[in-house]
A.B. asks: 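This is the structure, below, for whatever I ask next.
Letters go in sequence order (proteins before strands), and every chain restarts at 1. These values consider heavy atoms only, across backbone and side chains, with no hydrogens, waters or symmetry-generated copies.
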Amino acid sequence: MAYNFNKIEKAWQKKWQDDKIFSVSIDTQKPKFYVLDMFPYPSGAGLHVGHPLGYIASDIYSRYKRLKGFNVLHPMGYDAFGLPAEQYAIQTGQHPAKTTDKNISRYREQMDQLGFSFDWDREVRTCDPKYYHWTQWMFLELFEHWFNKNNNKAESISNLILILEKEGNKNLKAACNPKTPQVGAEEWNSMEENQRLEFLQNYRLAYQDETFVNWCPKLGTVLANDEVKDGLSVRGGHPVEQKKMKQWLLRVSAYAQRLLDGLEKIEWSDSIKEIQRNWIGRSEGATVHFSIKDRKEKLEIFTTRPDTLFGVSFMVLAPEHEWIGLITTDAQKDEVENYILQTKKKTERDRISDVKNVSGAFTGAFCIHPFTGEEIPVWIGDYVLGGYGTGAIMAVPGHDQRDYDFAKNFNLPIREVVEGGNLAEEAFEAKDGVLVNSDFLNGLRVPEAIKKMNQELEGGKKGEPRINFRLRDAIFSRQRYWGEPIPIYYKDDAPYPLPKDKLPLELPPVDSYLPTEDGEAPLGRAKDWNFKTGEPYELTTMPGFAGSSAYYLRYMDPHNKNDLVSKEANQYWENVDLYVGGSEHAVGHLIYSRFFNKFLFDIGKVCKDEPFKKLINQGMIQGRSNFVYRKKGTNSFVSHGKVKDHEVTTLHVDVNIVQNDQLDLEAFKSWREEFKNAEFILEDDGTYLCGNAVEKMSKSLFNVVNPDLIVKDYGADTLRLYEMFLGPIEQSKPWNTSGIEGVSRFLHKVWRFCFEEDDSLSLNDEKATAAELKILHTAIKKVEEAIETFALNVGVSSLMICLNDLTKEKAKKKCLIKPFLILLSSFAPHISEEIWARLGETESVCKAEFPKWEKSFLVENTYTYPISINGKKKFLKEISLDLQKEDIEKVALEDEKLQSLLEGKTVRKVIVVPKKIVNIVI
RNA sequence: GGCUUUGUGGCGGAAUGGUAGACGCGCUUGAUUCAAAAUCAAGUAUCUUCGGGUGUGAGGGUUCAAGUCCCUCCGAAGCCACCA
């Protein structure tokens, strides 16, 4: 009987589930290994062939690690809060929990048929109150902590209160709101409770503040910076504008330096590390204080080039800068107000696309240069950003291109203070050159000049060295329904944390999922939703990243009712050894997770300060779309080769009715009602050829390949092998079903190798020969190396080569097949398990031991080495090189074949690399 | 503009500095078959006077030896970006 994959796969999946073969528990006798996939958001569309790529890779690795004797934690769950379910709810009135449940069952079904080795007893869902209990708990912990810069650690707020009671905040080094006022102990002690609560918001790691936020009118909510790209929302692509609102935020910026330093200790790809470094955006420089003429305030600016201070010819404030109203002279008032109005109208997107157009306005005010006493005009311009640094800059047009463009446009002076550029053409930005026209800096090179200036600034109290980060605090409020409620209630308009024994604060039912009439978040519709009468709950909910930031911890101890994770479980499982997921989470999830983990580390909840030791980013499997060309204004369709003769519109066509770019005409006619009477202009050979392109796999482009169909036609094992065989895991590549025949053939060959036509075993008990052992051990070594280095495509190839070689040797021996099946079992578990059982094994192949390869079988100590004779390279094979340098020279010269070649010639040079290569030059 | 990655047959892709193109797809030929599918076998970079020569985006360099390391240029992908 032939290889009946459908029957075999169903049977083993059931058996694995019934026997709970992949459920794990703490076992201190075994080393642990934690393999995690980024859990999916269960969308209504189900899985396409691209989704399982990462899951297959991590599953192969998990199975391999089990064979190697590790106690492997390999869980799966669902990131179940999110916009699509809520939007569906708005349209249909169906509760998002219902939609989500339905989608989850579908996901589970699709995953189950691929034979993954997940421990489903540990499943988590972020929308489950038993789970978000702990998301809310973490929020409260953040609320009750502040960041002490003296030891770079989070500390409890009660600690901070003790300090404030004793000496106020004058000696405090903390991550806080830059506008925090200075208070003394007396002042603090005399504050009312409400005032104190408000004051502490400046320090809390979860705090409330009125800030400019990314407001998306279309989605009706606020978005975090990583949810916005080029002025459009990442989800949906709707325009985003800046709006001032009161919001909950997380003080992620407090951890900027530690998030940066931590990157050195983890095995992530250079590109992801680089993206995170960019996002954190550390820049070293200095702040400089400029007095304002005729006023007592001092304008503080940030610069990375304090050495160019003598080149300042004007100042520029961001249009949002709070002092603009204060300092603008009456004469300039109209112009300035007009300009501010204009910039407000521009969305972020316009501002970006408008980079080339320089704009600004003069305030009429002047600053005093801290060293020369010169009067410097103060301008405003939208090339200065309100949110970065101090929202104000000193402009050095000679050595900064943006300042240069501004100066040229408004005819402001340009001064040279570093030699080497051509200021008639452009600014000289290189940090390399000698200072001129700069008083005490003259003659110094740039790096020394920076040092010297920093000393002068500090000494004269005119400024100080400063490190700035681009990383912003994360906005944590969403005006939505389908998310975790924020566990805060209000008394006299002041926010209070919900007592922890009242958690979880469950989502209340509402009659509609839209905002209320007076513009409040949907939770404003909940009836009688108060902590106590007159003490309403916070109405915004948490963003998507809240539930996904620490889910890896919950898997360690998913049913714990008293704690996020027990000490015991955390100390055993520590952190994730291998994390597999897409690179699109480089700045969102992967930064927030690291932030949460570092905080939990500070408060002693977890034992490792990085969550994910090693990260693999699987590439995307793209779709291959097909097009048909409709002749304009008609219902006739032109084949690809004839398109140039007609005026056509291009339409996507379902790839499932196209084979090798050839359209199935009948299927096309019945695909859509409107194509029922379609006519065709065909190629000369009578076929209709479609156009094609590689695009994202998406329902709307009709290029989705459903894994269910592949499993039905070829089996899960074939799909698993093929997805790995497609190419390097980290690379994006288009799906192409035609190559799948190859791996399918391989599995059929494995089956035929073991069984006769009548299904009887065709393997014997003979001992293996040396040649056969070499084949086997080569495969063991290669497969092991391939899995360890995640070159899974090479791993599949090695298995194929092994089978081909064994077939050629006619080595139908049990002692060879058994280790081969263990190697195969990580990739194609079902077929391996079936043959393993038919060989009489009673224990699952998953519990077997990964075979060890032995050097002696690989004839490692012989090597092919090249000899150059008269400039031509020759190779001699199989000469023992397991020798010392001198011996190799001797052997090389004593070798018979060599001697015949060398006869009558003079050896000029012998080059020897021990145990490797010998090259003899004649 | 900056950073990161990348460039190898018709295609997907292999090659610890050591015989480039493993493995698979596709294609060609043959066996089997009434025929087809499936299967099996052989071949498949390129030029060649059949000795061999040339080939990993282009050009240099290091080395006995370069797809691999270094420099310059060209192309592709991704990320960041009026961040002072």
A.B. asks: Applying side chain to side chain donor-acceptor pair (under 3.5 Å), name anything that partners T287(A), two or more places apart in sequence or on another chain.
C.D. replies: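 Applying side chain to side chain donor-acceptor pair (under 3.5 Å) to T287(A) gives none.
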
A.B. asks: What is the distance, rounded to the nearest whole Å, between atom CG of L792(A) and atom P of rA22(B)?
C.D. replies: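 The distance from CG of L792(A) to P of rA22(B) comes to 21 Å, rounded to the nearest Å.
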
A.B. asks: Mind telling me if rG51(B) is syn or anti? Syn here is a glycosidic angle within 90° of 0.
C.D. replies: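 Here the answer is syn: the torsion falls within 90° of 0.
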
A.B. asks: I want to verify a distance call: between rG13(B), rA84(B), rC83(B), whose nearest atom is closest to the S283(A) side chain?
C.D. replies: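 Of all the options, the side chain of S283(A) is nearest to rA84(B).
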
A.B. asks: How many Å lie between CD on E730(A) and P on rC79(B), as a whole number?
C.D. replies: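 That distance rounds to 16 Å.
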
A.B. asks: With sequence neighbours excluded, give me every salt bridge (Lys or Arg N to Asp or Glu O under 4.0 Å) pair touching residues 784-801 of chain A.
C.D. replies: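 Residue pairs with at least one partner in residues 784-801 of chain A: K68(A)-E784(A), K781(A)-E785(A).
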
A.B. asks: Using the C1' atom in both, what is the distance from rG24(B) to rG9(B), to the nearest Å?
C.D. replies: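 Comparing C1' positions in rG24(B) and rG9(B) gives a spacing of 14 Å.
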
A.B. asks: In whole angstrom, give the distance that lies between atom CG of L726(A) and atom P of rA14(B).
C.D. replies: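 Taking CG of L726(A) and P of rA14(B), I get 11 Å after rounding.
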
A.B. asks: Can you name the salt bridge (charged side-chain N to carboxylate O under 4.0 Å, His left out) partners of R470(A), sequence neighbours left out?
C.D. replies: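 R470(A) satisfies salt bridge (charged side-chain N to carboxylate O under 4.0 Å, His left out) with no residue once adjacent residues are dropped.
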
A.B. asks: Check this for me: does any side-chain nitrogen of one of K298(A) and E300(A) sit under 4.0 Å from a carboxylate oxygen of the other?
C.D. replies: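 Answer for the salt bridge query: no.
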
A.B. asks: I'd like the P distance from rC23(B) over to rA41(B), given in whole Å.
C.D. replies: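 Roughly 13 Å separates the two P atoms.
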
A.B. asks: CD of E741(A) versus C1' of rA38(B): gap in Å, rounded?
C.D. replies: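 Atom CD in E741(A) sits about 11 Å away from atom C1' in rA38(B).
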
A.B. asks: Could you pick out which residue, K749(A) or K782(A), lies toward the 5' side of RNA chain B when each is mapped onto its nearest nucleotide?
C.D. replies: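 The residue mapped nearer the 5' terminus is K782(A).
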
A.B. asks: Detail all sub-3.5 Å separations between protein N/O atoms and N/O atoms belonging to nucleotides 1-10 of chain B.
C.D. replies:
| from | atom 1 | to | atom 2 | distance (Å) |
| --- | --- | --- | --- | --- |
| rC3(B) | O2' | E274(A) | OE2 | 3.0 |

A.B. asks: Testing N617(A), L590(A), I275(A) one by one against W268(A) for a side chain to side chain contact (heavy atoms under 4.5 Å, CB included), which residue passes?
C.D. replies: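 Only one of N617(A), L590(A), I275(A) forms a side chain to side chain contact (heavy atoms under 4.5 Å, CB included) with W268(A), namely L590(A).
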
A.B. asks: Check V384(A) against P319(A) and note the closest heavy-atom contact, atom names and distance.
C.D. replies: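 Minimum heavy-atom separation between V384(A) and P319(A): O-CD, 3.8 Å.
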
A.B. asks: Quick one: salt bridge (charged side-chain N to carboxylate O under 4.0 Å, His left out) partners of D400(A), sequence neighbours excluded?
C.D. replies: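 With sequence neighbours excluded, D400(A) shows a salt bridge (charged side-chain N to carboxylate O under 4.0 Å, His left out) to R402(A), given in chain and number order.
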
A.B. asks: Taking atom C1' in both rG21(B) and rA45(B), what distance in whole Å separates the two?
C.D. replies: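 Taking atom C1' in both rG21(B) and rA45(B), they lie 8 Å apart.
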
A.B. asks: Using the P atoms only, state how far rC3(B) lies from rA81(B), rounded to an integer number of Å.
C.D. replies: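 Looking at atom P only, rA81(B) and rC3(B) are 16 Å apart.
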
A.B. asks: Rounded to whole angstrom units, what separation is found between the CZ atom of R277(A) and the P atom of rC83(B)?
C.D. replies: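 After rounding, the reported distance stands at 20 Å.
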
A.B. asks: Is the charged tip of R594(A) near the ring of W279(A): under 6.0 Å from the six-membered ring centre and within 45° of its axis?
C.D. replies: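 The answer is no; the distance or angle limit is not met.
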
A.B. asks: Choose from rG13(B), rA84(B), rG24(B) the nucleotide whose nearest atom is closest to any side-chain atom of F725(A).
C.D. replies: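 Of rG13(B), rA84(B), rG24(B), rG24(B) is nearest to the side chain of F725(A).
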
A.B. asks: Roughly how far apart, to the nearest Å, are rU39(B) and rC50(B) at atom P?
C.D. replies: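 Going atom to atom, P in each nucleotide, I get 41 Å.
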
A.B. asks: Go through RNA chain B and write down every stem, that is, every run of at least three consecutive Watson-Crick or G-U wobble pairs with distances under 3.5 Å, as range with range.
C.D. replies: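 In RNA chain B, stems of three or more pairs: B:1-7 with B:74-80, B:10-12 with B:23-25, B:26-31 with B:39-44, B:45-47 with B:52-54, B:57-61 with B:69-73.
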
A.B. asks: Closest approach to the side chain of R752(A), judged atom by atom: which nucleotide of rA84(B), rU39(B), rG13(B) is it?
C.D. replies: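 Selected nucleotide: rU39(B).
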
A.B. asks: So which nucleotide from rA84(B), rC79(B), rU39(B) ends up closest to the side chain of I275(A)?
C.D. replies: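 Comparing rA84(B), rC79(B), rU39(B) against the side chain of I275(A), the answer is rC79(B).
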
A.B. asks: Measure the distance from CZ on F290(A) to P on rA84(B) and round it to the nearest whole Å.
C.D. replies: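 Whole-Å distance recorded here is 17 Å.
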
A.B. asks: Scan residues 793-805 of chain A against RNA chain B and write down, sorted by residue number, each residue with any heavy atom closer than 4.0 Å; if none is found, say none.
C.D. replies: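 Within residues 793-805 of chain A, the residues near RNA chain B are N793(A), V794(A), S797(A), M800(A), I801(A), N804(A).
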
A.B. asks: List in chain and number order the residues that pass side chain to side chain donor-acceptor pair (under 3.5 Å) with N793(A), two or more places apart in sequence or in another chain; answer none if no residue qualifies.
C.D. replies: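 Once residues adjacent in sequence are excluded, N793(A) has no partner under the side chain to side chain donor-acceptor pair (under 3.5 Å) criterion.
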
A.B. asks: Can you tell me the distance, in whole Å, between the CG atom of L471(A) and the P atom of rC80(B)?
C.D. replies: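 Going from CG in L471(A) over to P in rC80(B) covers 14 Å.
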
A.B. asks: Quote, to the nearest angstrom, the P distance that separates rC70(B) from rG17(B).
C.D. replies: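 So the two P atoms sit 12 Å from each other.
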
A.B. asks: Determine the interatomic distance between C1' on rU63(B) and the same-named atom on rU49(B); round to the nearest Å.
C.D. replies: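 After rounding to an integer number of Å, I get 35 Å for this pair.
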
A.B. asks: In this structure, how many angstroms lie between the P atom of rC23(B) and the CZ atom of R745(A), rounded?
C.D. replies: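 Going from CZ in R745(A) over to P in rC23(B) covers 15 Å.
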
A.B. asks: Would you kindly say whether S283(A) and N468(A) are connected by a side-chain donor-acceptor distance under 3.5 Å?
C.D. replies: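 No pair is found: no donor N or O on one side chain lies under 3.5 Å from an acceptor on the other.
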
A.B. asks: rG55(B) and rC47(B): how far apart are their P atoms, nearest whole angstrom?
C.D. replies: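 About 15 Å, rounded to a whole number of Å.
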
A.B. asks: Applying salt bridge (Lys or Arg N to Asp or Glu O under 4.0 Å) as the test, list every pair that has at least one member in residues 717-738 of chain A; sequence neighbours left out.
C.D. replies: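 Listed once each, the pairs are D59(A)-R720(A).
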
A.B. asks: Could you pull out all residues at least two apart from E429(A) that satisfy salt bridge (charged side-chain N to carboxylate O under 4.0 Å, His left out)?
C.D. replies: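 Salt bridge (charged side-chain N to carboxylate O under 4.0 Å, His left out) check on E429(A) returns nothing, list empty.
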
A.B. asks: Does the side chain of Y383(A) get closer than 4.0 angstrom to OP1 or OP2 of rA84(B) through an N or O atom?
C.D. replies: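 No, outside the criterion.
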
A.B. asks: Just confirming the chi classification of rG55(B), syn or anti, using 90° around 0 as the syn window.
C.D. replies: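 Anti for rG55(B); the angle lies over 90° from 0.
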
A.B. asks: How would you list, by chain and number, every residue that makes a side chain to side chain donor-acceptor pair (under 3.5 Å) with E274(A), sequence neighbours excluded?
C.D. replies: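 E274(A) satisfies side chain to side chain donor-acceptor pair (under 3.5 Å) with R277(A) once adjacent residues are dropped.
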
A.B. asks: Once you apply a heavy-atom cut-off of 4.0 Å, does P728(A) come out as touching a base, just sugar-phosphate, or nothing?
C.D. replies: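 Sugar-phosphate, no base atom in range.
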
A.B. asks: Under 3.5 Å, sequence neighbours excluded: what are the donor-acceptor pairs made by side chains of residues 799-812 of chain A?
C.D. replies:
| from | atom 1 | to | atom 2 | distance (Å) |
| --- | --- | --- | --- | --- |
| T807(A) | OG1 | L803(A) | O | 2.6 |
| K812(A) | NZ | F753(A) | O | 3.2 |

A.B. asks: If you assign each of F302(A) and A791(A) to its closest nucleotide in RNA chain B, which residue comes earlier from the 5' end?
C.D. replies: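 The 5'-side residue here is A791(A).
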
